[in-house]
Protein chains: 4
Amino acid sequence: MSDTITLTGLVATSPRHIVTTEGLAITSFRLASNQRRFDRTEGKWLDGDTNWYTVTAFRQLGTHVASSVQKGDRVLVTGRVRIRDWTSEEKSGTSIEIDAEAIGHDLTWGRATFTLSVVGAR
Amino acid sequence: MSDTITLTGLVATSPRHIVTTEGLAITSFRLASNQRRFDRTEGKWLDGDTNWYTVTAFRQLGTHVASSVQKGDRVLVTGRVRIRDWTSEEKSGTSIEIDAEAIGHDLTWGRATFTLSVVGAR
Amino acid sequence: MSDTITLTGLVATSPRHIVTTEGLAITSFRLASNQRRFDRTEGKWLDGDTNWYTVTAFRQLGTHVASSVQKGDRVLVTGRVRIRDWTSEEKSGTSIEIDAEAIGHDLTWGRATFTLSVVGAR
Amino acid sequence: MSDTITLTGLVATSPRHIVTTEGLAITSFRLASNQRRFDRTEGKWLDGDTNWYTVTAFRQLGTHVASSVQKGDRVLVTGRVRIRDWTSEEKSGTSIEIDAEAIGHDLTWGRATFTLSVVGAR
């Protein structure tokens with residue numbers, strides 16, 4: 001079983017789109033997900049911490065995300081989790097990546113117009 | 001714990017939008033979700049059965065869905081499941097409803113332009 | 001993408017275990033999932049409706065469920081949804097099935113002792 | 001909406017159980033989740049990377065996990081994700097925590113006996 005996650009959040013960086021020499025389209029962006037919690041004492045929702053993710057989309061989903069999603073948009077993402085340790089020359093850290101299975105603009109936050117692509121999806 | 005579901009599918013009916021006398025916006029539509037499965041013998045994806053749901057969105061999400069989603073669109077939905085038995089004068093049956101927590105157009109299948117609403121979301 | 005669901009509930013029937021002539025172990029039971037909701041006016045959790053599912057487990061998971069799960073147990077289930085219309089001679093209806101990817105006793109409700117099987121799992 | 005995750009994995013450390021001075025039971029352990037993927041060329045499942053999480057359970061779930069779960073067990077977990085940056089005197093890093101909503105032994109991997117607690121669960 002894969003580690004499956006579903007979340008909503010704010011697109012915090014402009015999506016970066018590349019096509020590999022093998023022709024694979026890859027698009028990725030940083031996603032900030034603010035955790036709200038209902039405080040029973042105060043009887044209202046309070047802001048909590050922010051979770052940061054790197055969301056990656058491949059193939060047709062990647063191409064469409066590159067032309068549809070902008071920094072500042074609100075999105076809904078579902079996919080598989082990949083936790084990676086990385087090391088550069090000066091620093092090291094851990095990144096939490098999501099291999100997206102589907103991405104859409106979160107209509108809780110705004111309106112969208114959609115154009116179905118003529119090319120069949122997977 | 002709620003029964004939590006995440007799925008993608010085809011919007012099979014025009015979204016129906018009402019506002020109750022208390023001012024609550026409610027939008028609902030039928031969603032057809034085609035189950036594909038990878039056949040290891042044939043080495044390719046095959047079509048399976050179709051799951052049918054009634055998706056319901058409330059408040060601001062309901063208002064935005066009414067003005068953004070059309071029959072024929074592909075969407076991504078996450079929410080809570082509610083299974084209900086119903087009886088009319090002549091028939092009875094079971095419907096599977098999803099109280100949507102978030103809905104977005106599935107960018108696997110097309111492109112979208114998004115306009116953030118100025119009113120704060122919940 | 002499959003329709004993916006995660007839920008907790010009460011095992012409402014004794015698990016029924018069969019092995020097909022091809023040697024495939026299949027175990028299924030009915031699951032009742034009570035939907036609770038937090039009432040902000042009253043400041044407490046209230047009981048809501050009950051969702052009914054048929055949970056099915058295959059292969060090794062099916063064998064272990066047959067020897068581990070009893071009517072009255074509380075379980076946690078994750079899997080894929082399959083909605084089916086059925087007709088018998090006198091009645092027809094709709095059943096909501098879950099093809100389980102994993103099942104475990106819900107430790108919110110009790111204690112469990114676990115014995116790892118020596119046979120490797122899938 | 002919370003960031004909701006469901007996953008299975010190996011309990012990699014003995015659960016650590018504390019009770020705060022306010023009487024809150026908290027149990028936590030490290031979980032290793034091996035990501036397998038189906039290789040279509042080779043026609044079989046291959047091992048992938050391992051995701052590491054810190055799983056935390058509170059109240060009654062925490063108490064039952066402390067008396068039921070051991071290092072080496074296989075479990076199924078669903079809950080909310082919390083990503084935290086931490087700094088000690090000599091090092092800093094990022095931890096991925098899961099606030100468990102439900103935990104159970106993964107019956108794909110073994111058998112379990114369950115004893116329902118007489119105290120009502122939340």
Side-chain angles (χ1 to χ4, degrees), chain A residues 1-10 12 22 30-41 45-56 58 74-87 90-101 104-109 122, chain D residues 1-10 12 22 30-38 40-41 45-56 58-59 74-87 90-101 104-109 122:
Chain A
M1 212 191 96
S2 299
D3 302 358
T4 308
I5 195 169
T6 299
L7 58 90
T8 55
L10 176 74
E22 289 84 13
R30 292 284 282 168
L31 184 75
S33 174
N34 198 276
Q35 304 304 293
R36 307 195 73 191
R37 58 192 179 78
F38 188 76
D39 187 294
R40 299 185 198 175
T41 316
W45 290 90
L46 302 178
D47 279 335
D49 294 330
T50 299
N51 287 346
W52 286 90
Y53 302 89
T54 299
V55 176
T56 306
F58 297 91
R74 292 276 172 173
V75 292
L76 166 62
V77 177
T78 188
R80 289 179 299 276
V81 178
R82 244 186 0 208
I83 300 173
R84 295 215 216 182
D85 293 320
W86 53 267
T87 312
E90 301 186 0
K91 288 198 278 190
S92 66
T94 303
S95 76
I96 298 92
E97 302 192 0
I98 302 174
D99 266 14
E101 289 192 34
H105 289 103
D106 181 355
L107 295 175
T108 308
W109 292 83
R122 59 155 182 141
Chain D
M1 213 191 95
S2 299
D3 302 358
T4 308
I5 196 168
T6 299
L7 58 91
T8 55
L10 176 74
E22 289 84 14
R30 292 285 283 169
L31 184 75
S33 173
N34 199 276
Q35 304 304 292
R36 309 195 73 191
R37 59 193 179 76
F38 188 74
R40 300 185 198 174
T41 315
W45 290 89
L46 301 178
D47 279 336
D49 295 329
T50 299
N51 288 344
W52 287 88
Y53 301 89
T54 299
V55 176
T56 306
F58 298 92
R59 288 175 286 275
R74 293 275 173 175
V75 292
L76 165 62
V77 178
T78 187
R80 290 178 297 276
V81 178
R82 246 187 357 209
I83 300 172
R84 294 216 217 181
D85 293 319
W86 53 268
T87 312
E90 300 186 1
K91 288 199 276 189
S92 66
T94 304
S95 76
I96 298 91
E97 303 191 0
I98 301 175
D99 266 15
E101 291 193 32
H105 289 104
D106 182 356
L107 295 175
T108 307
W109 291 83
R122 57 151 183 147

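First the proteins, then the strands, lettered A, B, ... as listed; each starts at 1.
Interatomic distance, A/I5 CD1 to D/T4 OG1, rounded to the nearest 0.5 Å: 8.0 Å. Here A/I98 contributes atom CD1 and D/D3 contributes atom CG; the two are 7.5 Å apart, rounded to the nearest 0.5 Å.
Annotation: maximal heavy-atom pairing with chain D below 4.5 Å, among A/T94, A/D49, A/L76, A/D85, occurs at A/T94. The residue among A/D106, A/T8, A/V81 with the most heavy atom pairs within less than 4.5 Å of chain D is A/V81.
A side-chain contact (heavy atoms from CB on, under 4.5 Å) with D/I83 is found for one member of A/I83, A/T50, A/N51 and no other, namely A/N51.
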